[in-house]
> 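Take this structure first; my questions come after.
One-based numbering, in listed order, for ligands and for the atoms of each.
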Amino acid sequence: MQILLTNDDGIYAPGIAALKHTIQDLGQITVVAPDVEQSGVGHSITFSHPLRIREVHLHNEFIGYGVNGSPADCVKLAIYDVVKHKPDVVISGINLGSNVGIHILYSGTVAAAVEAAIMGYPSIAVSFEISEQYTDIQGAASVARRVIELIVTHRLPAGSLLNVNIPSLPPDQIKGIRITRQFAHDFKETFEKRIDPGGKAYYWLKGTNKSVHREEGTDINAINEGYISITPLRYDLTDNNLHKKIEGWDWKGIVS
Ligand code: MN
């Protein structure tokens, strides 16, 4: 099996290293990832400056290819000019921090998987909820491996994408798996406003991952209750109900 592995935390991040190490006997793994952290860049692409690919070594060991671009750039470039064989699956992660609800839209981790899906490859985004109580990325990687193995056994259709979120628990305390839908309400996010030494204000976005809403069947609900969340996502953003509705409006006469 040919596996293309990427992420948005960057090629030196512990999540991608843990996952690569844990799944390395599943197939031939090629790592192509941003050379610096690209969390929160969403589905951005680079066209205003040139992209470069460099071989990255850590402790004298070749670990993969670093790209001075976004996660979506990495997937495009990897398939265009790095991998020798087309991947059977593209995996993005493991991200440090969950990617659920509307955060999916900001996520570079998910964007890499979306890019692979657009290009016609089955893909999996894997994220691990961060908490102060439990931070063992190795445990999360062992869980991710079992999930990935089951997914590839079932042969995801080309162009489809699963968003996997692992709760912040030791593997033996995770309650199970829930197939979920994306939570679509707002999170309680604020800015922390501070004053710099020059007397001017500056701001830090403070995400809480908490919402006033609770909804059964959603990705956030699953991880909050100690389950692994798996959400099938699509990138066609068309609102078909609204399409039907506005189609009936009187558009004649706008242009003649
Ligand atoms: Mn990230």
> Apply side-chain hydrogen bond (donor to acceptor under 3.5 Å, both in side chains) to Arg146 and list each qualifying residue two or more places apart in sequence or on a separate chain.
none
> Could you please give the number of protein N/O/S atoms within less than 2.8 Å of the Mn ion (ligand 1)?
4
> If Ile, Leu, Val, Met, Phe, Trp and Tyr residues are connected whenever their side-chain heavy atoms lie under 4.5 Å apart, and connections chain through other members, are Ile104 and Val41 in the same group?
no
> Is Met119 linked to Leu5 within one hydrophobic cluster, defined over Ile, Leu, Val, Met, Phe, Trp and Tyr using a side-chain heavy-atom separation of less than 4.5 Å?
no
> Kindly compute the distance separating CD1 (Ile16) from CG (Asp9), expressed to the nearest 0.5 Å.
8.5 Å
> Set out, in order, the CA-CA distance, both residues' side-chain angles and the distance that settles side chain to side chain donor-acceptor pair (under 3.5 Å) for Thr231 and Thr180, then state yes or no.
CA-CA 5 Å; Thr231 313; Thr180 56; 2.7 Å; yes
> In Å, rounded to the nearest 0.5 Å, how long is the span from CD1 of Ile3 to CD1 of Ile91?
5.0 Å
